[in-house]
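For the single chain, residues carry numbers from 1 onward in sequence order. Because the structure is a prediction, the values reported are computed rather than measured.
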Amino acid sequence: MAKPLILGAKYRGSIHDFPDFDPSQDAEALYTAMKGFGSDKEAILELITSRSNRQRQEICQSYKSLYGKDLIADLKYELTGKFERLIVGLMRPPAYCDAKEIKDAISGIGTDEKCLIEILASRTNDQMHQLVAAYKDAYERDLESDIIGDTSGHFQKMLVVLLQGTRENDDVVSEDLVQQDTQDLYEAGELKWGTDEAQFIYILGNRSKQHLRLVFDEYLKTTGKPIEASIRGELSGDFEKLMLAVVKCIRSTPEYFAERLFKAMKGLGTRDNTLIRIMVSRSELDMLDIREIFRTKYEKSLYSMIKNDTSGEYKKALLKLCGGDDDAAGQFFPEAAQVAYQMWELSAVARVEMKGTVHPANDFNPDADAKALRKAMKGLGKGDGGAPKRATGQGRGGFRSGLGRKMDLMADLKSEISGDLARLILGLMLPPAHYDAKQLKKAIEGAGTDEKTLIEILATRTNAEIRAINEAYKEDYHRSLEDDLSSDTSGHFRRILISLATGNREEGGEDRDLAREDAKVSSSLEIADTPSGDKTSLETRFMTILCTRSYPHLRRVFQEFIKMTNYDVEHVIKKEMSGDVKDAFVAIVQSVKNKPLFFADKLYKSMKGAGTDEKSLTRAMISRSEIDLLNIRREFIEKYDKSLHQAIEGDTSGDFQKALLALCGGED
């Protein structure tokens, strides 16, 4: 979960005042660009996107003085479509631009609730006051009255609270009040039959950002779940979406807008109104932070996504507002890297308990279950669905946790079911270490090696799990896992896998002095022109640190690395390494940072796009079901804005789907 950006007063916009600015000269240039048949769109976009909003207002005044005409009206006449909307938006003062967006959102048939949520959840007190005044001036109407007339219920009440612009600004936070608000939110939702929405509205609509961040941390420690999970469980509809947006903006406004921009451009079609609104409104506020978070979170630059998703003068203008291509730069902004460091420092408060979705059944009776399975399979053909449904615990008792399983049952199941369902059910019947051993054996044998499976298993298992896998591998295949890895891989990748397969990672806490030394060793990797021999030596030292140090220690190393270099270690690995070595190191780093998020990404990638990677999906669902699948579900919905349950429903079918949903354990 992203933490707040604490960047001080340094300017973080992408648009600056133009040096040697002459409003009359600019007004003449725009008049010339629009004179005659057609218009010089290139000249218009180049000039307007190179001036700050304050300077654009002066150009409007000079244009009217020189030509007796309204510049915005002339631009509307000369330009069309998305390009016109973008340029005209840039010409309005920010508060008037927001006022126009809200007016459009509530005018006509239907309401654009997403636009209302975006603007009112993200603006500061001062911006809100300016918006209300601009709306009154532009439309001679009261904004609050118009919102009340166009919305209803708790959604309406929260919008009105936000519209007042009265959020507390105290830097000094009362620990007692943090505790009280945490308890009030808990009692208003989780502990109450029904939900006391008024408490959510009062606390989230009025308390200061710093106070609420501490409340969110305390809520997580108290309840074991993030505030977002409670909001999703207790609220619904537009009210739920608004409250989630408020929480995101409290945590990090730039991250909220990075997500909005990504969603505006991903998939088929572009949500141009959203793209324009954000690029215009944030260009002089926090565009640099948005860019950096965008690249960190989505592994591509905002610039490159705009470039691939838009065209013509519209694209050129958006790219000017973006202000640069972070992929080309190949490095973090120093300020944003320090924010990442602060995020690591603050993450210590969030010690989340790992929870699976599958638990031992109450009143477990292996003999009764064996008879039930036998009855379910007796006389039925393959694919009937009776046996899998019972085996996956569709009844009230839930899944059986692995006791009392017999190999003759496995043989019977194999004869009754097939395909993806068979792979899933038979995998569930194996003890975890034997299941992982089988997956590793399949990844190694045959033509070609499945490096991704080797990395996924060996980079994410604990020492105890690795040792159990080694024993199971020896028992099942009468071979050493290390020998098979040695014969099937090579070079640094082989050395990494063998190191991981020993299960000898340190298990202590962090050593700050050693962490600084480890960070120094790792930081030398960032030097792009390192000779190849030295690079090999660096990879060896890097392997020693990533494959042997404890998770708490590595987290401290990553913090120190950012502090020393302004780089995230994951970004450096992706930039400086390649192939299977890169993939293995990235998997280790992601697992150390946030293992549930690592598997949430794996599950998402197994189902996105054309076709489903059923093997990856099955492997992740089986292996994490009794460990941390509940945490994975939370990370999944937080990152991808849809639940794991919904993704499985939309991407699978039949009894295979039913079994996966039973493992998933619920809808978020």
4.5 Å side-chain heavy-atom contact, [X] and [Y]:
X: Thr166; Y: Asn206; answer: yes
X: Glu168; Y: His211; answer: no
X: Leu261; Y: Met279; answer: yes
X: Ile48; Y: Arg56; answer: yes
X: Leu204; Y: Val247; answer: yes
X: Thr253; Y: Ile290; answer: no
X: Leu131; Y: Tyr96; answer: no
X: Gln57; Y: Pro93; answer: yes

Test your reading of the model: is there a side-chain donor-acceptor pair from [X] to the backbone of [Y], 3.5 Å cut-off?
X: Asp309; Y: Met305; value: no
X: Glu451; Y: Asp580; value: no
X: Asn53; Y: Leu90; value: yes

Salt-bridge contact [X]-[Y] (side-chain N to carboxylate O under 4.0 Å):
X: Lys100; Y: Asp104; result: yes
X: Arg260; Y: Glu118; result: yes
X: Lys114; Y: Asp238; result: no
X: Glu46; Y: Lys320; result: yes
X: Asp98; Y: Arg123; result: yes
X: Arg12; Y: Glu284; result: no
X: Lys157; Y: Glu197; result: no

First locate atom [atom1] of [X], then atom [atom2] of [Y], and finally report the distance between them rounded to the nearest 0.5 Å.
X: Asp70; Y: Lys64; atom1: CG; atom2: NZ; value: 5.0 Å
X: Cys97; Y: Ile119; atom1: SG; atom2: CD1; value: 8.0 Å
X: Cys60; Y: Leu71; atom1: SG; atom2: CG; value: 4.5 Å
X: Lys316; Y: Leu319; atom1: NZ; atom2: CG; value: 10.0 Å
X: Leu116; Y: Ile106; atom1: CG; atom2: CD1; value: 6.5 Å
X: Lys82; Y: Glu313; atom1: NZ; atom2: CD; value: 11.5 Å

* Any chance you could lay out the side-chain contact (heavy atoms from CB on, under 4.5 Å) test for Arg633 and Ser643, step after step, and finish with the verdict? => CA-CA 7 Å; Arg633 275 168 41 185; Ser643 69; over 6 Å; no
* To do: Evaluate salt bridge (charged side-chain N to carboxylate O under 4.0 Å, His left out) for Lys639 paired with Glu635, printing each intermediate quantity in order.
  => CA-CA 6 Å; Lys639 181 165 183 179; Glu635 295 291 349; over 6 Å; no
* To do: Any chance you could lay out the salt bridge (charged side-chain N to carboxylate O under 4.0 Å, His left out) test for Arg51 and Asp26, step after step, and finish with the verdict?
  => CA-CA 10 Å; Arg51 307 300 187 265; Asp26 284 351; 2.7 Å; yes
* To do: Carefully, step by step, assess Lys136 and Leu143 under the rule side-chain contact (heavy atoms from CB on, under 4.5 Å).
  => CA-CA 7 Å; Lys136 185 78 171 177; Leu143 178 53; over 6 Å; no
* Would you tell me whether Asp146 and Tyr135 have side-chain atoms, one donor and one acceptor, within less than 3.5 Å of each other? => yes
* Cationic tip of Lys103 above Tyr139 ring, under 6.0 Å, 45° of axis -> yes
* Worked check of side-chain contact (heavy atoms from CB on, under 4.5 Å) between Val161 and Arg167 -> CA-CA 9 Å; Val161 167; Arg167 185 177 296 285; over 6 Å; no
Shortest non-hydrogen separation from [X] to [Y] and the atoms involved:
X: Gly165; Y: His129; answer: O-NE2, 2.9 Å
X: Leu47; Y: Ala29; answer: CD1-CB, 3.8 Å
X: Ser301; Y: Asp325; answer: OG-OD1, 2.8 Å

* Could you give me the CA-CA distance, side-chain angles and deciding distance for Arg85 and Glu101, then say whether salt bridge (charged side-chain N to carboxylate O under 4.0 Å, His left out) is met? => CA-CA 11 Å; Arg85 187 179 179 91; Glu101 290 291 323; 3.3 Å; yes
* **Pair Tyr11 and His16, ring centroids less than 6.0 Å apart** => yes
* **Residue of the set Glu228, Glu259, Glu255, Glu638 for which side chain to side chain donor-acceptor pair (under 3.5 Å) holds with Lys248** => Glu259
